[in-house]
Structure formats: structure tokens, C-alpha cells
Amino acid sequence: MKNLKVIAFTHKHVDLKDLGNLVICNEELDSRLINLKNSLDIPEIFYIATCNRVEFVFYGPHELTDDFIADFMHKMNFCVPADKLQCYLGQVTKYAGLDALHHLFRMSCSLESLVVGEKEILAQVRRAYEKCREAGFTGDFLRLMMDRLVKTAKEVYTYTNISRNPISVVSLAYRKLKEIKLSENPRILVIGSGETNQNFAKYLKKHKHSNFVVFNRTLANAQKLAEELSCEAFPLSELSNYKKGFDVMITCTGAAHAIIDNKLYQSLLNGETDKKVIVDLAIPNDIDADVLANNPVHYIEVSGLQAIAERNIQERYNELEHAEAIIQENIKEFLPIVKQRRVEVAMREVPDKIKEIRQTAMNEVFAQDLNKLDPQAREVLEKVINYMEKKYIKVPMVMAKEILVKNLELEKN
């Protein structure tokens with residue numbers, strides 16, 4: 001367990017606008033993690049990025065010293081100045097062993113989210129893990145941990161009221177949007193068709209908005225959302241050619257930098273001068289600061305929702321204790337599973353070793369003696385050897401598990 005490590009940058013210590021500099025786009029993730037695994041000899045790793053955190057979860061014997069974390073961040077090749085990177089190193093939160101496991105369980109149950117009780121975090125962690133698993137970055141330990149993490153989160157959401165009347169970053173943003181007096185059936189420009197924008201669009205559609213247009217880097221994904229909204233869809237590359245104007249812009253892409261600068265924004269305005277509404281749920285923000293400085297805008301972003309989120313934590317405070325009890329029980333159950341798996345892995349080579357000894361004995365050491373035996377005697381000997389081989393394989397494994405169980409019982413007492 002001591003080899004489980006987490007290097008985390010979260011909304012608790014890092015400004016959400018700065019957090020965006022640590023987001024890795026999907027196109028670069030595999031190459032960066034491959035470089036990291038090879039250069040630092042990390043056996044298992046996966047990366048999580050949400051609207052309020054960037055975390056690296058890995059399994060390895062490395063000590064989380066300041067020098068190691070600095071080397072880790074350097075090899076991730078973040079495109080930030082050296083002095084800024086040094087600033088991030090002062091804002092990192094690091095976890096090891098049981099502390100890391102406890103943190104990951106709390107995170108998956110949304111106890112450490114900007115919005116406590118938001119179930120979306122579990123789906124985000126699972127997707128992040130699956131992506132890295134499919135790329136071959138994870139292994140046996142992280143698989144076991146993820147199985148238990150999912151079980152724990154589901155129990156917390158089922159047996160506590162922490163997600164009752166659930167709210168999310170999307171719902172908080174919609175609350176803020178409702179406070180603004182919009183024109184009747186406003187023109188809504190949706191940029192990005194990921195889960196966040198899908199959820200936001202559902203809120204809008206539910207409240208009878210119907211005048212949408214969708215842009216996304218991958219046209220096929222834009223078309224799926226557009227079908228739900230009964231509107232047109234275009235690739236993101238065509239955004240600069242869009243001349244129909246807008247009243248509300250909803251944007252959330254996975255870009256590593258702002259995608260809408262003042263020049264593009266002016267093009268989208270197409271000569272209109274009234275105050276627009278922008279809901280920017282991307283981390284880092286999709287809207288360049290110059291747009292906000294040079295145009296009349298109602299601007300809603302993730303960092304501006306923190307005050308509402310703080311009130312949410314207070315409302316759900318009584319449920320935190322119940323959730324924590326479920327987490328602790330699952331950690332208690334998980335530790336013996338890890339130990340048992342360690343024994344199974346260690347004993348995995350026993351059958352092959354015994355078969356190898358048998359082959360050597362029969363084909364080399366006693367080959368001449370065996371050739372002198374008549375067929376009936378050789379058949380009996382084969383039966384004896386097969387019986388002994390099965391016992392020599394089974395007995396050590398059974399004994400190892402019995403010893404493990406006894407040791408665990410002694411630890412409990």
C-alpha cells in the first residue's frame with residue numbers, strides 16, 4: 001500500500017484559472033505519460049483532470065520529495081514559465097500510502113469537490129482511469145483500487161443523503177444564468193459537445209429554449225448533440241465563418257488555452273453591440289481575457305461559482321460523517337484484498353517452476369532409468385508424479401493463504 005502515490009493540484013490551493021495551465025489535451029496525454037513512465041520508471045499511472053482538479057495517481061516506490069515532484073512536473077513538459085512552475089510546486093498536495101487511498105476515496109465520493117455531492121466526479125475518475133488502462137499505463141494494483149473506489153462511491157451515494165437534491169457546477173451555472181434577464185428564446189451558441197455542455201443544454205431545453213447552434217472539434221459529436229437540440233452543427237474550424245450572431249454563448253472545450261480571442265469574438269458579434277451572456281465552464285477558460293476587457297459581457301465561469309459551492313458544503317455537512325464511515329469501512333475491507341493479491345502474484349510462478357522441475361527430472365536426471373521401465377511400471381510412475389505435482393502446486397498456495405488469514409486476524413486483535 002505504501003507505493004500508492006498522488007500528486008494533486010486542486011481548487012483548495014490553486015486558483016482555477018491557473019489550474020488550466022496543468023490540463024493536458026487528449027492528443028498529447030499518451031506521449032507525455034509514456035515519457036514520464038519510462039524516464040522515472042513508474043509501473044502504473046493515470047491522470048485525472050476536472051473543472052476543479054488535476055491529479056496524477058501512480059503506483060511505485062518513489063518518495064514524494066520536493067526534488068522528485070519538481071522532476072515529475074518538468075518531465076510532464078507543461079508549457080509554463082519556470083517561475084510559474086515553481087509557484088505550482090508550492091501549491092501541490094501530495095499523498096502516499098493510506099493517505100493517498102483515503103484521499104482518492106473521498107474524491108470519488110465528491111467530498112473534496114467544489115460541489116459536495118456532485119456525482120459527476122465518479123464518472124470523470126472512471127473515464128480517466130479507463131483511458132489510461134486502455135493505453136496500457138495501469139496494472140494490477142490500480143485495477144483493484146478502482147474496483148473498490150467505485151464500490152465505495154456507489155455506497156456513499158446510495159446510503160447517505162449527500163447527493164439528495166443534487167447540484168453540480170452545471171446547475172450552479174444555470175442558476176446564475178437565470179438571474180440574467182434574457183430575451184425571449186435567445187440565440188444560443190454552444191461551443192463544445194462534451195458532457196458538461198450536454199448537461200447544460202439539457203437544462204436549457206427543459207426550460208423551453210430552442211434556438212441553438214453547435215460547434216465542436218469533431219463534427220460527428222457536434223451532430224449528436226445537435227440532434228438532441230434539433231439544430232444545426234458545424235466543426236469548430238468553421239466558427240470564424242459564423243455570421244448569425246448570438247445572445248448566449250455556452251462554451252466548454254478541452255483546449256489547453258483560450259480558443260476565442262477578441263478578433264474571433266468580434267467576428268461572432270457580426271456588428272451587434274448589445275451586452276452578451278457568456279457561460280465559460282472550461283478549465284482553462286475558453287474566453288481570452290481581452291474579450292472581457294473590451295466588450296460588455298455577463299460572464300459566468302467556474303471560479304465565480306465558489307461562493308455558492310461553499311454554502312452547499314454547509315448544507316451537506318451532516319452527511320459527511322456518514323460518508324466518512326462508509327469510506328473507512330471500505331478501506332478496512334480493501335487492505336486484506338491487497339495482501340491476498342500480493343500472495344497470489346508471488347505464488348503465480350509456483351506451477352511453472354514445479355512443471356519445470358518435473359521436466360528436468362524425467363528428461364535429463366532420470367531419463368536413462370525411466371527408459372528401462374516396462375510400460376505398466378512407467379504408467380504407474382506417471383500417475384504418482386501427476387498426483388505429487390498437483391499437491392506440490394496446491395499445498396503451498398493453500399498454506400500461504402492460511403498464514404495470511406491468521407496474520408490478518410492477529411492484526412485485528
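Numbering starts at 1 and runs along the sequence shown. Everything quoted here is computed from the prediction, not taken from an experiment.
Surrounding CZ of Arg187 are more than 12 heavy atoms belonging to other residues, nucleotides or ligands, all under 6.0 Å away. Around CD of Glu227, the count of heavy atoms belonging to other residues, nucleotides or ligands within 6.0 Å does not exceed 12. The number of heavy atoms from other shown groups lying within 6.0 Å of NZ (Lys154) does not exceed 12.
In this model, no donor atom of one side chain and acceptor atom of the other lie less than 3.5 Å apart for Glu112 and His11. Looking at Asp290 and Tyr265, their side chains never bring a donor and an acceptor atom within 3.5 Å of each other. Checking Asn77 against Arg32 by side-chain atom types alone, no donor-acceptor pair falls below 3.5 Å. In summary, the side chains of Asn363 and Arg358 do not present any donor paired with an acceptor at a separation below 3.5 Å, with no hydrogens or angles considered. Between the side chains of Ser267 and Lys243, at least one donor N or O sits under 3.5 Å from an acceptor N or O. Using modelled atom types, one finds no donor on one side chain facing an acceptor on the other under 3.5 Å when comparing Asn35 with Lys75. A donor-acceptor contact closer than 3.5 angstrom links the side chains of Asp286 and Thr253. Donor-acceptor pairing under 3.5 Å is lacking for the side chains of Tyr203 and His209.
Ring geometry for Phe215 versus Tyr242: interplanar angle over 60°, hence perpendicular rather than tilted (30 to 60°). The aromatic rings of Phe56 and Phe78 sit perpendicular, their planes meeting at an angle over 60°, well past the 30° parallel limit. Classification of the Phe200-Tyr174 ring pair by plane angle, with boundaries at 30° and 60°, yields perpendicular.
At a threshold of 4.0 Å, the pair Lys94-Asp66 counts as salt-bridged, since one of the basic side-chain nitrogens sits closer than that to a carboxylate oxygen.
The heavy-atom pair separating Thr152 from Ile326 by the smallest distance is O-CG2, 4.2 Å.
Note that Lys37 lies outside the cation-pi zone of Phe137, set by a 6.0 Å cut-off to the ring centre and a 45° limit from the axis.
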Please determine whether side-chain hydrogen bond (donor to acceptor under 3.5 Å, both in side chains) holds for the pair Asn241 and Glu238, giving the CA-CA distance in whole Å, both sets of side-chain angles, and the decisive distance to 0.1 Å. CA-CA 5 Å; Asn241 298 322; Glu238 290 295 312; 3.0 Å; yes

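With hydrogens and angles ignored, the 3.5 Å screen pairs no side-chain donor or acceptor of Asn221 with any backbone N or O of Ser193.
The structure places CG of Asp18 at 10.0 Å from CD1 of Ile283, a figure rounded to the nearest 0.5 Å.
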